[in-house]
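One structure is given below, encoded as structure tokens.
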Amino acid sequence: MSEVIGVNTPGAWAGAEGPTIPVIVGDGIGPDIWQATRPILEAAVAKSGRRPINWLEVPAGQKAWEDCGEYLPESTLAALRQYRVGLKGPLGTPVGGGIRSLNVAIRRKLDLYACIRPVVWTPGAPSPVKRPDQVNMIIFRENTEDVYAGLEWPAGSPEADELIRFAGEKLGAEIRPSSAVGLKPMSEFGSKRLVRMALRWALDNRCPSLTLVHKGNIMKFTEGAFRAWGYEVARKEFEGLTVTESEAGAGDGRLVIKDRIADNMFMQTLLRPDEYSVLAMPNLNGDYLSDALAAQIGGLGMAPGANVGDGLAVFEATHGTAPKYAGLDRVNPCSLILSGAFMLDFLGWKEAAAMVRSAVAGTLQARIVTYDLARQMGGLSPVGTSAFGQAVLERL
């Protein structure tokens with residue numbers, strides 16, 4: 001079994017003091033939010049008594065293409081492998097660049113198989129729900145398989161026609177001619193390592209439950225298998241530490257393993273968010289649910305995230321490049337700021353991480369917000385990216 005470093009292991013990621021952290025500034029609004037984020041992280045680190053972070057800017061995206069003719073240079077991947085922890089702004093999808101998605105390419109090339117998205121309401125942030133304070137979950141989304149594996153072919157292509165023919169002749173499957181077709185691979189290996197990481201997180205952080213989110217009632221041999229493999233990992237590898245929901249007793253103290261059908265889970269997160277803590281799920285379910293939950297805490301501008309493998313992690317803003325706002329000093333930098341705080345957690349620098357979150361909350365509670373939050377709150381004049389960053393910095 002490969003070792004996954006727990007978030008509670010101080011200094012296990014990138015060294016305890018003075019780490020070098022590669023930074024992909026990103027496309028579009030990437031430079032705007034990085035300029036607001038960097039001084040906040042540096043101030044929190046300094047105030048907590050840690051030695052400064054050595055930021056190493058590495059190219060990817062449009063700037064990399066302009067500088068060296070590659071959207072994702074091997075030197076950038078090498079730096080991320082060497083230093084093990086990175087921070088990344090949003091990257092656009094190249095047009096005609098031969099890469100479907102730079103974000104997906106980074107995950108695959110570095111085997112960052114878990115997309116981790118904490119969903120916690122920050123006091124002062126607007127929300128469309130009545131009790132956003134009850135929203136405190138963390139999503140572990142499998143990052144490499146499912147329908148996002150990229151195994152699809154266009155309607156009428158020789159590959160699609162051949163798959164349709166094979167499915168009909170060999171498997172007895174009736175597929176309408178000239179259909180577009182795709183494959184949905186979900187392996188025991190990929191599913192179990194994702195659930196294993198989520199289980200370790202839940203146990204390290206003394207969470208009350210872990211819920212497997214799936215559509216196994218319909219897709220019995222893919223998502224149904226994800227559910228079964230998840231329960232198997234909990235039962236065999238974490239014996240005595242976990243218990244199924246049906247077996248759990250009051251005050252048991254063990255981690256409760258639940259499972260929910262994906263569509264029902266959307267309703268549960270609205271009606272009973274306080275009953276859920278850690279969520280583990282396949283790729284497509286995780287993509288949908290991550291954004292739906294982000295809406296409950298103010299939107300993607302308030303949503304941190306990370307892509308994590310075995311001893312390697314890239315923390316990132318979870319929103320897009322918003323090119324129409326690039327250079328206008330307008331957008332919300334909180335996703336990158338809070339992803340930076342999440343990164344500090346992984347470094348074992350929890351005091352610095354807490355300072356960042358507290359300063360962000362203090363700024364929001366003072367009703368100092370960017371346009372995306374101001375339009376939800378009503379009657380406020382928004383501030384720009386740099387002004388918001390400065391307000392957070394002052395509260396440190």
Between Ala313 and Val308, the two heavy atoms sitting closest are CB-CG2, 3.9 Å
After noting the C-alpha distance and the side-chain angles of Glu351 and Arg50, does the key distance pass the salt bridge (charged side-chain N to carboxylate O under 4.0 Å, His left out) rule?
CA-CA 10 Å; Glu351 183 182 358; Arg50 301 284 181 174; over 6 Å; no
Considering only NZ, NE, NH1 and NH2 on the basic side and carboxylate oxygens on the acidic side, decide whether Glu245 and Arg260 come within less than 4.0 Å.
yes
Check each of Lys215, His214, Arg141, Glu223 against Asn285 using the side-chain hydrogen bond (donor to acceptor under 3.5 Å, both in side chains) test, and report the only one that passes.
Glu223
Is any side-chain heavy atom of Met265 less than 4.5 Å from a side-chain heavy atom of Leu289?
yes
Find out whether Pro90 and His319 are in side-chain contact, i.e. whether some heavy atom of one side chain is under 4.5 Å from a heavy atom of the other.
yes
Residues Asp372 and Arg330 bridged, charged N to O under 4.0 Å:
no
Mind checking the CG-CE spacing from Asp204 to Met197? Nearest 0.5 Å is all I need.
11.5 Å
Would you call Met137 and Val278 a side-chain contact if the rule is heavy atoms closer than 4.5 Å?
no
Aromatic ring centroids of Phe266 and Tyr288 under 6.0 Å?
no
Between Lys63 and Asp67, is there a salt bridge with N-O shorter than 4.0 Å?
yes
Main-chain N/O of Ala149 paired to Arg108 side chain as donor or acceptor, under 3.5 Å
yes
Distance from Glu275 atom CD to Thr269 atom OG1, nearest 0.5 Å?
12.0 Å
Could you check whether Arg117 pairs with Asp287 (Lys NZ or Arg NE/NH1/NH2 to Asp/Glu carboxylate O, under 4.0 Å)?
no
Look at the side chain of Thr122 and the backbone N and O of Ala125, then say whether any donor-acceptor pair between them is shorter than 3.5 Å.
no
Quick one: does Leu255's side chain get under 4.5 Å of Val243's, heavy atoms only?
no
Within the 4.5 Å heavy-atom criterion, are Leu77 and Leu72 side-chain neighbours or not?
yes
Minimum heavy-atom separation for Ala303 and Ala294, please, with both atom names.
CB-CB, 4.0 Å
Looking just at side-chain N and O atoms, do Asn143 and Asn307 make a donor-acceptor pair shorter than 3.5 Å?
yes
Is Lys109 salt-bridged to Glu74, going by a charged N under 4.0 Å from an acidic O?
no
Do Tyr231 and Asp259 touch side chain to side chain, with heavy atoms closer than 4.5 Å?
yes
Point-to-point distance, once rounded to the nearest 0.5 Å, from CG of Leu364 to SG of Cys334:
5.5 Å
Sidechain N-carboxylate O distance under 4.0 Å for Glu232, Arg235
no
So, Trp153 and Glu162: side-chain donor and acceptor under 3.5 Å apart, yes or no?
no
Centroid separation under 6.0 Å, is that true for the rings of Phe140 and Tyr113?
no
Main-chain N/O of Ala354 paired to Ser358 side chain as donor or acceptor, under 3.5 Å
no
Using 0.5 Å steps for rounding, measure from the OG1 atom of Thr370 to the CG atom of Leu373.
4.5 Å
Can Lys258 be said to sit on top of Tyr276's aromatic six-ring, NZ or CZ under 6.0 Å from centre and within 45° of the ring axis?
yes
Reported CD1-to-CG distance for the pair Ile29 and Leu328, which is rounded to 0.5 angstrom
10.5 Å
Close side-chain approach of Leu91 to Tyr71, heavy-atom, < 4.5 Å
no
Which is it for Leu210 and Thr242 under the side-chain contact (heavy atoms from CB on, under 4.5 Å) test, yes or no, and what are the steps along the way?
CA-CA 9 Å; Leu210 181 147; Thr242 64; over 6 Å; no
Expected output: side-chain Glu66 to main-chain Gly69 donor-acceptor under 3.5 Å
no
Between Tyr325 and Tyr371, what is the ring plane arrangement, given parallel below 30°, perpendicular above 60°, and tilted in between?
tilted
Does the side chain of Gln35 pick up a donor-acceptor pair with the side chain of Ser386 at under 3.5 Å?
no
Between Arg196 and Asp310, does any NZ, NE, NH1 or NH2 come within less than 4.0 Å of an OD or OE carboxylate oxygen?
no
